[in-house]
Every structure is written in structure tokens, then in C-alpha cells.
Enquirer: 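This structure is in C-alpha cells; I'll ask about it shortly.
Lettering of chains follows the sequences in order, A, B, ..., and the numbering in each one begins at 1.
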Amino acid sequence: MLKIKAINGVKDILPAEIMYWQKIEKTACDIFRRFGIHEIRLPILEKTELFTRSIGETTDIVEKEMYTFVDKKITMRPEITASLLRAYVEHSLHLQQPVQRLFSIGPVFRHERPQKGRQRQFHQIDVEIIGAHEPQVDAELMAMGQMLFNALSLDVRLEINSLGCPACRPGFRNKLIAYLQACSDSLCDDCKRRTAKNPLRALDCKKQGCKAAVEHAPSILDNLCSACEEHFSAVQQQLDLFEVSYNVNRFMVRGLDYYNRTTFEFLTADLGAQAAVAAGGRYDGLVEQLGGPKKTPGIGFALGMERLFLLMQQQKKQQDQPKGQGGADIFLAALGEQAIRFASPLVHQLRHLGLQAVMDYSNRSLKAQMKQAGRCHADFTLIIGEQEIEQGRGILRNMNTQEQTEFSFNRGAAALAEVIT
RNA sequence: GUGAACGUAGCUCAGCUGGUGGUAGCACCGGGUUGUGGCCUCGGAGGUCGUGGGUUCAAGUCCCAUCGUUCACCCCA
């Protein structure tokens, strides 16, 4: 029989690495709690229209990367923000509390060619603060992100930019297009295409020629309207108050249409071509665009869990290694059919008492069972053979000290539990 | 969608200008210890060399195709 393998671009998370994922989730939840951010769980399937309306009809994600059941007009979410806002609007959460601070964790799907730090099914931690326009909130979100990376002992850098708003961006966009057209000869083919479709993209092209060409391009930061200008400088002041270090990167842009004003990315040089570990920004028009209350501001970011995981491997520091769930409290080594019959209710009682108790029913040699006990990292092994049953007491071996004592079975499981804890 | 590299045991890999698949390491199973794990030691099991063609007396090795994986581009977390 041909083995059935997982499809291209998806990965199993194996028991050997699950501790990293649990640590990431636990750390994130703990930090979110400190910021008063609450969990929301969302469906993976949404109406296709949710994403075409929010992310943008002509973005790459919508144009070619979504997994869609065309006949049903249903899509497997390519990001979480849209779903979260859909739920916010659908349940009128703004009526319960004007500012909603929410997070959600789960898989997202994009049909891209996989590479390092990029999968077709991957996992995001998504945080959104809806209903607050104050620049302090922008900074707080970034400070929280930094706190999370610090808690995981990860070294990343923060870059920020402002994309302006509907009042000032179109003007800048026109200036930029004019500039790009003027120096079109020194741009790569991709950037020539971008000039028409998404000129801002040309600003963060990786090619040397384009980098040089846009070096003197008009800067969005010189073209912000006064409100945006004020907002952006207030964000920076607040970051300073939170003692979060950052760099302003006027070349940073966004691939999703809904962003305005503040954008930010947490970046690393340790993941090959995938520099962004977390990215986000403000989306003040989006809630309204999804049918929510008018002029509801919002800001959020998404964090790529696979990238976080890879980074934890990459930047491994011995003292920060997450611990597994720990070994067994006790292994019951039963020798012979009679002993197995005797031991099985005992192991069950120990589990009722809350212990991790392990045995197997294969009736293998004591040596083999001891070996297995070692593999389970059992603290104790209780050896039960024909002799022991006859005499009414088993041999209790402390696996760490190698000391052995006898344990009378008639004392019961509770007494045994007490002896070994 | 585009480009490149790579597919040998569960994992990591040797295998030279074509000449019998490796006492290889880790892991697994068993013995050394009549019933005691880790260390040691001896043994065992495990492979259609991704698949299909071709060249050749002879292909893991060379050629073609195909599938898969990886990395990069595009784009993005």
C-alpha cells in the first residue's frame, strides 16, 4: 500500500515539539491577560465576501491565495482579523463595552508555495483593539508585543511607519507614481508593474537597483496630513514612555488594503527570507466597511506561530528550554498473566488519585519493562511478579536513587500514592 | 505562477571516474543479568536506493520524464 502523506505545505506538530507550542500559547495568554485582552474563538470557514471586502479585491491574498469552495461561496480564512471583526459587528460587542480588546489563536490558510517559515496552513495569534483611536493604544499594543518576545527570550527588532489616511495618502500616492515613472528605467520588471498596481510596494523591493532608486523617493512621512502627523508623533512619544525601542522605516508598506496610519512589524534576520514574525497596524475604516458602527477605529497585529517556533529553535538558550509534561509518577511492571490481572486495577486506581501511572499489558521481560519505565521517565517502578503476589507485597524501586523497598498491597492505592509523592 | 537544489533504513547520513546496498551513527527488538532501566557489550530486525522509461555486459551512480521535498522569487505571519 502506498503511504498517504500530508499535503504540500502543511505540517504535523509532533509530541517532541508540542512543548514549544504550549509555551508560546501559555506565555501569550498570560501577557494578554495583563493587558485586559480577552479570548474569542472563531470559525475557520467564512463567507468568501468577508475577505474580498476587507482584505481587498485586488490583493494577492484574495486574487490567488485563498482556499475557496467556489460553489458554496465559502473560504477558509487567510487571516483572522476579518473574522474577528465580523464577530464584533455581528454580536454588536461595542454595546457591551465601547472598547473591545480581543485575541484569537488558530490556523489560517493561504495557497502559496511553501518555503522556510511559510506554510499553506499556518497558525496565527491575532490581537485586536477595536473602538480606540488614541495613539497610546497603538504604542501599548507594540509594547505588549515586545513584552511577549522578551518573555520568550527572543531577539527581534520593531519597525514602525505611518501609511497616512484617505485624506493624505492619495496625494502621496500620486507623487510617488510620478517619481517612479520618472526613474522607471532603473526599476526591475516587478517594480514597473507595481508602479501601476501598488506603487507603495516598490518602496520595499529587495533588489539593489530599486532600493537605490527609491532612496530619494518622496516620503510618506513628509506627506502626512496634520492629524496623521500628530498621531504618528504621539505614538512615538508613547513608545518612549513605555521604553520600547523602535526604528522608523518609511519604506515599510502593507499588502492588505485596510490599513491606515500606524503600521508596525517585529522583524528578525534569523529566518531566511521571512523577516516578519509579527505585523499589524491601524484599520480605522474597516469596521464600518464590514457593516459595523460608523467611524469605529481599530488596530491589531498578527503573529506567525510557526515563525515564532522556528525562532525559538534558532535562538535557543539553554535556560529557556520549555519543559515537557514531565515523566510518569509510577510505572507498574507486571510479570505474567496473573500479575497483569492484579496490576491493572491498581494502575486505574492510581489514575483516579491523579497520578500519571503507566503499565503495559504485553507481558514482556522485566528488563524490557524497566527500559520502558526509563523511557517514560518514571519516578518509581512497582515490580509485581508471581512471588510478589504470593507474598502480598511488591518491590518499589526509586528510579532516581535506585533504592528499593517493599510495598504491601493491602495498604491500598492511596497509601502507595502517598509513598511516592 | 517562476527559478534552483535535493530524494539511499523510522531519523541523520556514507556510497569515488558506473562493478555485490553500509559490521555506519541515533532509535527499535532480544541476549549478556534464572526477575531490575540509563553506561557498556554481543546479536537481530528493518531498503521495490521516490516512481517510470532509456543508455550499458553492468545503473544508487549517467540521460529523460514524472512525483515529492527544500530553498528562493512573487507575496506574506
Enquirer: Taking only the side-chain heavy atoms of A:A273 (C-beta and beyond), determine which of B:rA72, B:rA77, B:rC74 contains the nearest atom.
Expert: B:rA72
Enquirer: If the P atom of B:rG50 is compared with that of B:rG10, how far apart are they to the nearest Å?
Expert: 13 Å
Enquirer: To the nearest Å, give me how far apart OH (A:Y67) and P (B:rC76) are.
Expert: 17 Å
Enquirer: Using the C1' atom in both, what is the distance from B:rG22 to B:rC62, to the nearest Å?
Expert: 23 Å
Enquirer: Quick one: on RNA chain B, does A:K11 or A:R201 contact a more 5' nucleotide (nearest heavy atom)?
Expert: A:K11
Enquirer: Applying a 4.0 Å non-hydrogen cut-off, can you work out what A:K5 is touching in the nucleic acid: base, sugar-phosphate, or nothing?
Expert: sugar-phosphate
Enquirer: Would you mind telling me which of B:rC29, B:rG30, B:rC73 lies closest to the side-chain atoms of A:A368?
Expert: B:rG30
Enquirer: Rounding to a whole Å, what distance do you find between A:Q115:CD and B:rC6:P?
Expert: 19 Å
Enquirer: Let me know the distance between CZ of A:R375 and C1' of B:rA27, rounded to the nearest Å.
Expert: 9 Å
Enquirer: When you compare B:rG1 with B:rU61, how far apart are their P atoms, in angstrom units rounded to a whole number?
Expert: 29 Å
Enquirer: So what does the secondary structure string of RNA chain B come out as, 5' to 3', with Watson-Crick or wobble pairs under 3.5 angstrom, [ ] for crossing and | for pairs with another strand?
Expert: (((((((..((((.....[..).))).(((((.......))))).....(((((..]....))))))))))))....
Enquirer: Look for any protein N or O under 3.5 Å of an N or O in nucleotides 34-36 of chain B and output each such pair with its distance, or none.
Expert:
from: B:rG35; atom 1: O6; to: A:E388; atom 2: OE1; distance (Å): 3.2
from: B:rG35; atom 1: N1; to: A:E388; atom 2: OE1; distance (Å): 2.8
from: B:rG35; atom 1: N1; to: A:E388; atom 2: OE2; distance (Å): 2.8
from: B:rG35; atom 1: N2; to: A:E388; atom 2: OE2; distance (Å): 3.2
from: B:rU36; atom 1: O2; to: A:R397; atom 2: NH1; distance (Å): 3.3
from: B:rU36; atom 1: O2; to: A:Q404; atom 2: OE1; distance (Å): 2.7
from: B:rU36; atom 1: N3; to: A:Q404; atom 2: OE1; distance (Å): 2.8
from: B:rU36; atom 1: N3; to: A:Q404; atom 2: NE2; distance (Å): 3.3
from: B:rU36; atom 1: O4; to: A:Q404; atom 2: NE2; distance (Å): 3.4

Enquirer: From the options B:rC74, B:rA72, B:rG68, select the nucleotide whose nearest atom is closest to the side chain of A:D60.
Expert: B:rC74
Enquirer: How is A:G117 classified with respect to the nucleic acid when contacts are heavy atoms under 4.0 Å: base, sugar-phosphate, or nothing?
Expert: base
Enquirer: Side chains of A:T195 and A:Q181: any donor to acceptor distance under 3.5 Å?
Expert: no
Enquirer: Apply salt bridge (charged side-chain N to carboxylate O under 4.0 Å, His left out) to residues A:D60 and A:K64 and explain how you reach the verdict.
Expert: CA-CA 6 Å; A:D60 276 42; A:K64 51 191 197 196; 3.1 Å; yes
Enquirer: Between the side chains of A:R193 and A:D189, is the shortest nitrogen-to-carboxylate-oxygen separation below 4.0 Å, so that they form an ion pair?
Expert: no
Enquirer: If we take the P atom in both B:rG38 and B:rU23, what is their distance in whole Å?
Expert: 26 Å
Enquirer: Rounded to the Å, how far apart are A:Q208 CD and B:rC73 P?
Expert: 14 Å
Enquirer: Between A:E140 and A:R101, is there a side-chain N and carboxylate O pair less than 4.0 Å apart?
Expert: yes
Enquirer: Considering every strand and a 4.0 Å limit on heavy-atom distances, what is the contact class for A:E63: base, sugar-phosphate, or nothing?
Expert: nothing
Enquirer: Counting any heavy atom closer than 4.0 Å, what does A:A373 reach on the DNA or RNA strands: base, sugar-phosphate only, or nothing?
Expert: nothing
Enquirer: Looking at every strand, decide which applies to A:R364 at a 4.0 Å heavy-atom threshold: base, sugar-phosphate, or nothing.
Expert: sugar-phosphate
Enquirer: Mind calculating the distance between NZ (A:K64) and C1' (B:rC76) to the nearest angstrom?
Expert: 11 Å
Enquirer: Just the rounded figure in Å: distance from C1' of B:rU2 to NZ of A:K207.
Expert: 12 Å
Enquirer: Tell me if the side-chain of A:R118 makes a donor-acceptor pair with the base of B:rC75, cut-off 3.5 Å, by modelled atom types.
Expert: yes
Enquirer: Side chain of A:R307 only, heavy atoms from C-beta on: which candidate in B:rC73, B:rC76, B:rG68 is closest?
Expert: B:rC76
Enquirer: Would you call the rings of A:Y283 and A:Y258 parallel, tilted or perpendicular, where under 30° means parallel and over 60° means perpendicular?
Expert: perpendicular
Enquirer: In terms of ring plane angle, is the pair A:F409 and A:F342 parallel, tilted or perpendicular, where the classes change at 30° and 60°?
Expert: tilted
Enquirer: Would you compute the distance between atom CD1 of A:I40 and atom CD1 of A:I105 and round it to the nearest 0.5 angstrom?
Expert: 13.0 Å
Enquirer: Would you mind telling me which residue lines up with the more 5' stretch of RNA chain B, A:V277 or A:R193, judged by nearest nucleotide?
Expert: A:R193
Enquirer: What's the gap between B:rC57 and B:rA72 when it is taken at their P atoms, as a whole Å value?
Expert: 45 Å
Enquirer: In whole angstrom, give me the gap between the P atoms of B:rG21 and B:rA59.
Expert: 10 Å
Enquirer: Report the relative orientation of the aromatic rings in A:F103 and A:F32; use parallel for angles under 30°, tilted for 30 to 60°, perpendicular for over 60°.
Expert: tilted
Enquirer: When we call it a touch if two heavy atoms are under 4.0 Å apart, what does A:Q402 touch: a base, just sugar-phosphate, or nothing?
Expert: base
Enquirer: Between B:rC28 and B:rG35, how far apart are the two P atoms, rounded to whole Å?
Expert: 22 Å
Enquirer: Nearest 0.5 Å, what's the NE2-CD distance between A:H111 and A:Q121?
Expert: 14.0 Å
Enquirer: Below the 4.0 Å mark, does B:rG68 have OP1 or OP2 next to a side-chain nitrogen or oxygen of A:N8?
Expert: no
Enquirer: Checking salt bridge (charged side-chain N to carboxylate O under 4.0 Å, His left out) for the pair A:E63/A:K197: CA distance, chi angles, key distance, verdict?
Expert: CA-CA 13 Å; A:E63 274 185 350; A:K197 194 186 164 195; 3.7 Å; yes
Enquirer: State the CZ-NZ distance between A:R53 and A:K47, to the nearest 0.5 angstrom.
Expert: 10.0 Å
Enquirer: Could you state the CD-C1' distance from A:Q274 to B:rA72, rounded to the nearest angstrom?
Expert: 9 Å
Enquirer: How long is the straight-line distance from CD1 of A:I4 back to CD1 of A:I7, given to the nearest 0.5 Å?
Expert: 12.5 Å
Enquirer: Grab the CG-C1' distance between A:L396 and B:rG37 for me, whole Å please.
Expert: 15 Å
Enquirer: Determine the interatomic distance between P on B:rC63 and the same-named atom on B:rC16; round to the nearest Å.
Expert: 14 Å
